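Take a look at the structure below.
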Amino acid sequence: MVKQKMTAAEAIVFYLEKRGVKQIFGIPGAAILPVYDAIREKSSIESYVVRHEQAGAFMADGYSRATGEVGVCAATSGPGGTNFLTGLYGAWMDSIPMIAFTGQQKSTLIGTMQFQEAPIVEMAKPVTKAAYQLTDGSKAAELIHEAWETATKGRKGPVLIDLPLDQQKVEIEVDLDELIASSEPEQLPQATKEDIDKTLEFLKDSKKPVIVSGGGVNLSNSTKELKELAEALQIPVVTTCMGIDTFPNDHPLFAGRMGTMLDTPYGNKTILESDLIINLGGRFADRNTGDVEIFKRDAKIIHVNIDNKEIGKVVPTELGVVSDVKTFMVKLTESYKQLGSGVAATTEAGAKLDLTEERTKHARKTDYEDLPIKPQRALRELREFLDRDAIVTHDCGISQIWSNQLFETYEPRTFLITGGAGTMGWGLGAAMAAKIAHPERQSVNIVGDGSLGMSLQELATAAKHNIPVIVFCMNNSLLGLIRQQQNWFYGERDIDTDLIYKNELCDNEERGVDFVKTAEGMGVRGELVTHYDGIKPALKRAVESGKPYLIEVVVDPTAVCGFSNNGTLTGFDYSQN
C-alpha cells in the first residue's frame, strides 16, 4: 500500500470508484467542476446529466432501492444544492443509503452572501443521516470515508457532503486502499436468546398469528429468510407499503397488504382477526395503521427493528426486539425447527396453510369493460403483460394507491415507492435508474398526469442517454386523489384539482397537455390508448422498440379508490371499488 498524490476532488472520485460506484447522477456547475473533471479524466464512473437537480437525487435514490447499493448524485452550489433537498428528504424517510455532493463558494467567502452561496449543510441536516462541509481539503479522503460508513451502517440513510471550490483543488497524499481496509466490520444489534424464547412462547399461545413484513426486510436483503421463516411456522404474511415486494404475492402464505389505503381487503382482515402480530422491519406508519386504537386490543405485538427509537413509538408492544431483522428471522427459524411442532397453531400438524382461495375471494374487481378505461383494468392489463421480475416505480397520488391495492409483485426490490415522503415527480427518475441498474429487466413508471407534469422534463434525460424505460401514464386530467377527498370530505367543493383545458395547438379539448406530442418533442416515442384492448399491444411495441416510450392511457375521471374514511384499518370488501 502506497500513498499517492492527487487533488481532494480526485480522492473523492477514486474512493467512490474503489467502493464500486459505477454511476453518478446530477448536473455540473461551476462550484462542483473539479469533481466532474476528475470523473471525466480519472475514473470509469459514468455520469448522467438530468434536466433538474431533484431528478438526480431521485435517480440516486431509485438506484439504491433497486440494487441495495449506494446511490450517488452531485450538483452545484446554491439552487443546485437546494433542489436536492426533496430527494434527500425522501431517502431519509425510507432509510435509503445515498451520498449527495454539492459544490460551494470558496471557503474564504462563505457567510458573505456571495453568488449561489447557500447554507446547504444547515438546510440538509434535518433530512439526512449526516451533513458535512469539507473545511480542510487535506481531509477529503477521511471525510468521504466517514460519509460512506455513515450512509451504509446501522439504520441506513442519505448523507450530504458540501465541497467549497478551493478545497476541492487542494493537493493531498493518501492511500485510499489502506483507508478502506481500516473499516471496522459492522456490528448490528442482534436478537438475544431471551428475545427468541419469548417470541416462541407467544407463538405457542397464539391461534391466529401473522407476520407483518416492512421495508427493513428489503433493506437487510432478507426476503429469503422471510420466506423460510413463514414456511417453517406456516403462518400468514401481510406486507406494509414499504414491504410490498418482500414476499411473493402468489405464495400460499401471502395474505395481502395492510393499511387505510394501500391495502388489500384480505390483508386487513387477517390483521384484524389476528391475536399475535410480528412486525419485521416496519414502523407502524400512519398509512399502514391509521387510528392506532385498533391495535390496543387482545392481539399481542412483537416489534423487531434495527432502530430502538422505533420500538413502541406508534403502537404499544408486548415485546420489542432491537435487532437486524435477518438475524432475528434466522435465529427464530432455527429455534423453531429445533423445537419441532407445537408452536404456531394455524394448521393441523404436518398440514400446509394455503390462503390462495380466500385471498382471491376477497380481491378487488379489475375486469371492468367500461369506457373510459377503469384504472383498475389498466393496471390489470399492465401486470398481465409484464415479466415477473419487472420493476415498477411510483409517484404519489391516486395512481399509486390503485397500484398498491392491485399490482402484484413477486421479486424483491421491484416495487419502488417513496413511502414516507410521497413525492410527486419521483418515479421517472427512479425508473431510469432501475433500468440502468438492471438493463435486462423491464422498468415502468406508473404515474398519473398530475405527477408526470412534475417530471416531464426528464423524458429528455431518457432520450439523451437512451434509457429504454416505459412511462405508463394513467391520465384522468385531474389531481385525482385530492379531487376524491374534496368530493368525500369537503362537500364536492373542488378547487385547483381540474387539469383540463382546451389545447388549441393540439386540437385537444379533453386532456389539456398532450403528453404524446410533448414526449415526441423530446425524442421519446409515445402513443395514446383509449381502449383497454390497446394496452398490451402498446406495451409490446414499447418493449420491442428498445427505446424510452410513453403510453398515455385515458382513464375514467370518476373512478375512485376504496379506502377507509375514518382513519382505521377495515376488513370491508372493496371489490366494487
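In this text the structure is predicted, and so the values were computed from the model without any measurement.
Between Arg155 and Glu310, at least one side-chain nitrogen of the basic residue sits less than 4.0 Å from a carboxylate oxygen of the acidic one, meeting the salt-bridge criterion. Under a 4.0 Å N-O distance rule, the pair Glu149/Arg19 qualifies as a salt bridge. Using a 4.0 Å cut-off between a side-chain N of Lys or Arg and a carboxylate O of Asp or Glu, Asp195 and Lys331 do not qualify as a salt bridge. With salt bridges taken as basic N to acidic carboxylate O contacts below 4.0 Å, none links Asp275 and Lys208. With salt bridges taken as basic N to acidic carboxylate O contacts below 4.0 Å, none links Lys326 and Asp324. Using a 4.0 Å cut-off between charged side-chain N and carboxylate O, Arg388 and Asp250 make a salt bridge.
Looking at His438, its side chain never comes within 3.5 Å of a backbone N or O of Ala390 through a donor-acceptor pair. Here the side chain of Asn404 pairs a donor or acceptor atom with the backbone of Gln400 at under 3.5 angstrom. Of the possible donor and acceptor atoms, one in the side chain of Glu458 sits under 3.5 Å from a partner among the backbone N and O of Arg51. Remark: side-chain polar atoms of His52 are not paired, donor with acceptor, to backbone N or O of Gln457 under 3.5 angstrom. Side chain of Asp395 to backbone of Trp426: a donor-acceptor contact under 3.5 angstrom is found. Between the side chain of Asp61 and the backbone N or O of Ala57 there is no donor-acceptor pair closer than 3.5 Å. With Asn308 contributing its side chain and Val322 its backbone, the two residues share no donor-acceptor pair below 3.5 Å. Using modelled atom types, one side-chain atom of Asp94 and one backbone atom of Gly419 make a donor-acceptor pair closer than 3.5 Å. In this structure, Gln405 contributes its side chain and Met261 its backbone to a donor-acceptor pair below 3.5 Å. Judged by distance alone, the side chain of Arg359 and the main-chain N or O of Phe254 form a donor-acceptor pair under 3.5 Å.
Considering only heavy atoms from C-beta on, Pro265 comes within 4.5 Å of Arg364 through its side chain. With contacts defined as side-chain heavy-atom distances shorter than 4.5 Å, the pair Leu452/Leu550 qualifies. Put simply, the side chain of Trp148 does not reach to within 4.5 Å of the side chain of Val159, judged on heavy atoms. Two residues are said to be in side-chain contact when any heavy atoms from C-beta on lie closer than 4.5 Å; Leu85 and Ile120 meet this criterion. Between Arg413 and Asn218 there is a side-chain heavy-atom pair separated by less than 4.5 Å. Side-chain contact between Val471 and Phe515 is absent, with no heavy-atom pair separated by less than 4.5 Å. You'll find the side chain of Pro548 stays beyond 4.5 Å of the side chain of Ile467, heavy atoms only. Contact annotation: the side chain of Phe415 never approaches that of Thr239 to less than 4.5 Å [non-hydrogen atoms, C-beta and beyond].
The distance from atom CG of Asn83 to atom CD of Glu53, rounded to the nearest 0.5 Å, is 4.5 Å. Remark: Met123 CE to Leu88 CG distance equals 12.5 Å, nearest 0.5 Å. Between the CZ atom of Phe25 and the CE atom of Met432 there is a distance of 9.0 Å, given to the nearest 0.5 Å. Between Ile373 atom CD1 and Asn476 atom CG the span is 12.0 Å, to the nearest 0.5 Å. How far CD of Glu411 is from OG1 of Thr246: 12.0 Å, rounded to the nearest 0.5 Å. Going from atom CZ of Arg483 over to atom CG of Asp496 covers 10.0 Å, rounded to the nearest 0.5 Å.
Asn249 and Arg257 share a donor-acceptor pair across their side chains, judged by distance under 3.5 Å alone.
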Verdict with supporting geometry, Ile470 and Val543, side-chain contact (heavy atoms from CB on, under 4.5 Å): CA-CA 8 Å; Ile470 299 173; Val543 170; 3.9 Å; yes

Phe247 and Leu253: CA distance, side-chain angles, deciding distance, side-chain contact (heavy atoms from CB on, under 4.5 Å) verdict: CA-CA 9 Å; Phe247 198 77; Leu253 293 172; 4.2 Å; yes

CA sep, side-chain torsions, deciding dist, call: Ile436, Met59, side-chain contact (heavy atoms from CB on, under 4.5 Å): CA-CA 10 Å; Ile436 292 167; Met59 290 186 77; 3.9 Å; yes

Glu381/Val553 under side-chain contact (heavy atoms from CB on, under 4.5 Å): CA gap, chis, key distance, verdict: CA-CA 11 Å; Glu381 297 292 319; Val553 183; over 6 Å; no

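In terms of heavy-atom proximity, Ser323 sits nearest to Val304 at O-CG1, 4.1 Å. A pairwise comparison of heavy atoms in Ala462 and Val469 identifies CB-CG1, 4.3 Å as the closest pair. Contact between Ile24 and Ala74 at its shortest, heavy atoms only, is CD1-CB, 3.8 Å. When every heavy atom of Val50 is checked against every heavy atom of Gly56, the shortest pair comes out as CG2-N, 3.7 Å. Between Asn305 and Gly282, the closest heavy-atom pair is ND2-O, 3.1 Å. Taking both residues in full, the closest heavy atoms of Leu416 and Gly62 are given as CD1-O, 4.0 Å, listed atom of the first, atom of the second, then distance.
A side chain to side chain contact (heavy atoms under 4.5 Å, CB included) with Ile271 is found for exactly one of Thr289, Asn288, Val238, namely Val238. Exactly one of Val210, Asp263, Val212, Thr270 qualifies for a side chain to side chain contact (heavy atoms under 4.5 Å, CB included) with Met258. That residue is Val212. Of the residues Leu456, Leu459, Thr393, the one that meets the side chain to side chain contact (heavy atoms under 4.5 Å, CB included) test with Leu428 is Leu459.
Taking the six-membered ring for Trp and thresholds of 30 and 60 degrees, Tyr266 and His362 have nearly parallel ring planes, at less than 30 degrees apart.
Shown here is Lys227, whose NZ atom has no more than 12 heavy atoms of other residues, nucleotides or ligands within 6.0 Å.
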